[in-house]
Amino acid sequence: MLSFKTFTPVPKVIFSRGAISFLAALLDEKRSEKGYVVFVIDHFFKANPLNDKVSICNTDLCLFLDTTDEPKTATIDLYADFIKKAYKKLPSAVVGIGGGSTLDTAKALAIMLTNPGQTHEYQGWDLVKIKPVYKIGVPTLSGTGSEVSRTTVLTGPEKKQGINSEYSLFDHVVLDPDLLATVPTQQRFYTGMDCYIHCVESLAGTFLNEFSGAFASKALELCEGIFLHKCDDADLMVASYMGGSAIVYSEVGVCHALSYGISYAFGVHHGLANCVVFNHLEEYYPQYLPYFKEMLIKNQVTLPERPVGIVNDTTLNKMIDITLLMEKPLHNALGPQWKSIFTRDIIGNLYKRILGL
Ligand code: NAD
Ligand code: ZN
């Protein structure tokens, strides 16, 4: 049988400055059918409220997500169990307002409200069987592409891996560049570089095709413009969307396969972990490293030389295991024979170099 891949985009997108004010109208359509809405909002907005920009009714549930650590499957289980016990019916929508951590939490929660079992059982490819609750994504930090991707990346008891499924896609996305105004400069850089690296890994991969290549080239050009010349939040939001679209129809590569191990073992955030890894990948992405290093200098970002503490053999082996789980990215980066090229020894030595061991 011929294998094929379908590009499933997010069905509805609103893009404009101030667009978050349209959220109330979008939800009103849904509320009339079923009732309450669950909001998952980055904790930054507890102290800096979005106020009247988001109309939250007193029957709604508002969960402020602590994003100090990246999202865990256990948190989703906690939220889903609470809602199932406290409410007699499902919400009419789940709305995620925040960066990649919050968007992924909202997506996973919408899935776990309708699917049985525990969240970690769905980490992998196409394991979700039941349609989730209607979900809306409102990014307040740009770069991960979570707003457009068919995955929700979570750390579980055994691994950091996404729930890769068409059911992970948002139903509606609201892109409002004004929401990026408060993002700290370093965070903007790290998450922005996540987008840059998505583009590089898509363009340099064996899965590259004209379709994903067009998204990746444009997003890469936008990122270089933003981080080498002039930061523009609207451009960054579009770049994130396009970089995310590129990897929907291609894949990430060696950098992501290695950075997942570091995030899993030491809790280093995705954007920073990617930068720390990418900085050492001359042999895999030689064309792009000079631009990356120039962007570091232009944006006055110094990466830590020893980003984590002591790494014993057990931890190193676990990190190698996590990397080897990233079969599709490694196939994309290194071709079908990747298993014989990217051995445990090579991965271990790369980790030692990256972590300054
Ligand atoms: P994040 O969501 O973890 O947020 C980082 C920090 O930025 C937090 O402290 C948060 O409070 C703050 N923040 C967010 N918006 C802000 C604003 N407007 N003003 C001030 N502060 C703000 O960071 P991220 O880099 O967007 O997301 C990382 C997560 O995304 C990781 O868990 C990663 O694995 C995941 N990810 C998912 C995908 C996907 O396709 N689903 C792709 C790449 C990465
Ligand atoms: Zn990424």
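None of these values were measured; they are calculated from a predicted model. Ligands are counted one by one from 1 in listed order, and the atoms in each one are counted from 1 as well.
Closest to atom 38 (C) of ligand 1 among all protein heavy atoms lies Val153 CG2, 3.8 Å. When hydrogens are left out, the protein atom nearest atom 10 (C) of ligand 1 is Asp42 OD2, 3.1 Å; that is the closest non-hydrogen contact. With respect to atom 31 (C) of ligand 1, the closest heavy atom belonging to the protein is Glu70 OE2, 3.2 Å. Annotation: atom 3 (O) of ligand 1 to nearest protein heavy atom, Ser101 OG, 2.6 Å. Of the protein's non-hydrogen atoms, Asp194 OD2, 3.3 Å is the one closest to atom 43 (C) of ligand 1. Of the protein's heavy atoms, Asp104 OD2, 3.1 Å lies nearest to atom 37 (C) of ligand 1. In terms of protein heavy atoms, atom 4 (O) of ligand 1 is closest to Leu141 CD2, 3.5 Å. Looking only at protein heavy atoms, the nearest one to atom 42 (C) of ligand 1 is Thr144 O, 3.1 Å.
Using cut-offs of 30° and 60° for the angle between ring planes, the His270 and His198 rings count as tilted.
Close contacts between ligand 1 and Lys160 involve ligand atoms 34 (O) [criterion: under 4.0 Å to a heavy atom]. Interface of Phe44 with ligand 1, defined as ligand atoms under 4.0 Å from a residue heavy atom, comprises 11 (O), 19 (N), 20 (C), 21 (N). Less than 4.0 angstrom separates some heavy atom of Gly99 from each of these atoms of ligand 1: 2 (O), 26 (O). Ligand 1 places these atoms under 4.0 Å from at least one heavy atom of Thr140: 14 (C), 15 (N), 16 (C), 17 (C), 18 (N). Listed by number with element, the atoms of ligand 1 under 4.0 Å from a non-hydrogen atom of His43 are 11 (O). Ligand-side atoms of ligand 1 in range of Thr67: 8 (C), 9 (O), 10 (C), 11 (O), range being under 4.0 angstrom from any heavy atom. Atoms of ligand 1 lying under 4.0 Å from at least one heavy atom of Ser149, given by number and element, are 39 (C), 40 (O), 41 (N). Heavy-atom proximity to Pro71, at under 4.0 Å, picks out these atoms of ligand 1: 32 (O).
Hydrophobic clustering places Leu23 together with Leu50 (ILVMFWY residues linked when any side-chain heavy atoms are closer than 4.5 Å, directly or through intermediates).
The atom of Asp194 nearest to the Zn ion (ligand 2) is OD1, with the search restricted to N, O or S atoms. No other N/O/S atom of His270 lies as close to the Zn ion (ligand 2) as NE2 does.
Here's the thing with Gly271: none of its N/O atoms is less than 3.5 angstrom from an N/O atom of ligand 1. Checked against a 3.5 angstrom limit, the closest N/O atoms of His198 and ligand 1 fall outside it.
Of the residues listed (Ile226, Asp233, Asn299), the one engaging Arg188 in a side chain to side chain contact (heavy atoms under 4.5 Å, CB included) is Asp233, and it is the only one. Here the options are Thr119, Thr73, Asp81, the test is side chain to side chain contact (heavy atoms under 4.5 Å, CB included), and the partner is Met112; only Thr119 passes. When each of Ile163, Thr151, Thr152 is paired with Asp104, the side chain to side chain contact (heavy atoms under 4.5 Å, CB included) condition holds for Thr152 and for no other.
Ion pairing between Arg353 and Glu283 holds under the 4.0 Å rule for side-chain N and carboxylate O. No salt bridge links Lys298 with Glu224; every basic N to acidic carboxylate O contact stays at or beyond 4.0 Å. Between Asp321 and Arg344 there is a salt bridge, with a side-chain nitrogen of the basic residue lying less than 4.0 Å from a carboxylate oxygen of the acidic one. Under 4.0 Å is where a charged nitrogen must lie from a carboxylate oxygen, and between Asp126 and Arg150 at least one such pair does. Using a cutoff of 4.0 Å between basic side-chain nitrogens and carboxylate oxygens, Lys218 and Asp235 are not scored as salt-bridged.
At a threshold of 4.5 Å between non-hydrogen side-chain atoms, the residues Trp338 and Glu327 count as touching. Using a 4.5 Å heavy-atom threshold, the side chains of Val311 and Phe266 count as touching.
For atom 24 (P) of ligand 1, the nearest non-hydrogen atom from the set Gly96, Ser142, Ala108, Gly100 belongs to Gly100. Considering Asp233, Asn164, Thr182 only, the shortest heavy-atom separation from atom 20 (C) of ligand 1 involves Thr182.
Among the backbone and side-chain atoms of Cys195, no N/O/S atom is found under 2.8 Å from the Zn ion (ligand 2).
With a heavy-atom cut-off of 4.0 Å, Phe45 touches ligand 1 through its side chain alone.
By the 4.0 Å heavy-atom criterion, Leu180 is excluded from the residues contacting ligand 1. In this structure, Pro184 is part of the shell of residues with a heavy atom less than 4.0 angstrom from ligand 1.
His256 contributes NE2 and His198 contributes NE2; the angle these two atoms make at the Zn ion (ligand 2) is 90°, rounded to 10°.
Within 6.0 Å of the CD atom in Glu282, the count of heavy atoms belonging to other residues, nucleotides or ligands exceeds 12. For Lys5, the NZ atom sits in a packed shell: over 12 heavy atoms of surrounding residues, nucleotides or ligands are nearer than 6.0 Å.
We find the CG-CE distance between Leu303 and Met193 to be 10.5 Å, quoted to the nearest 0.5 Å.
Because its NZ or CZ atom is both nearer than 6.0 Å to the ring centre of Tyr260 and within 45° of the ring axis, Lys160 counts as a cation-pi partner of that residue.
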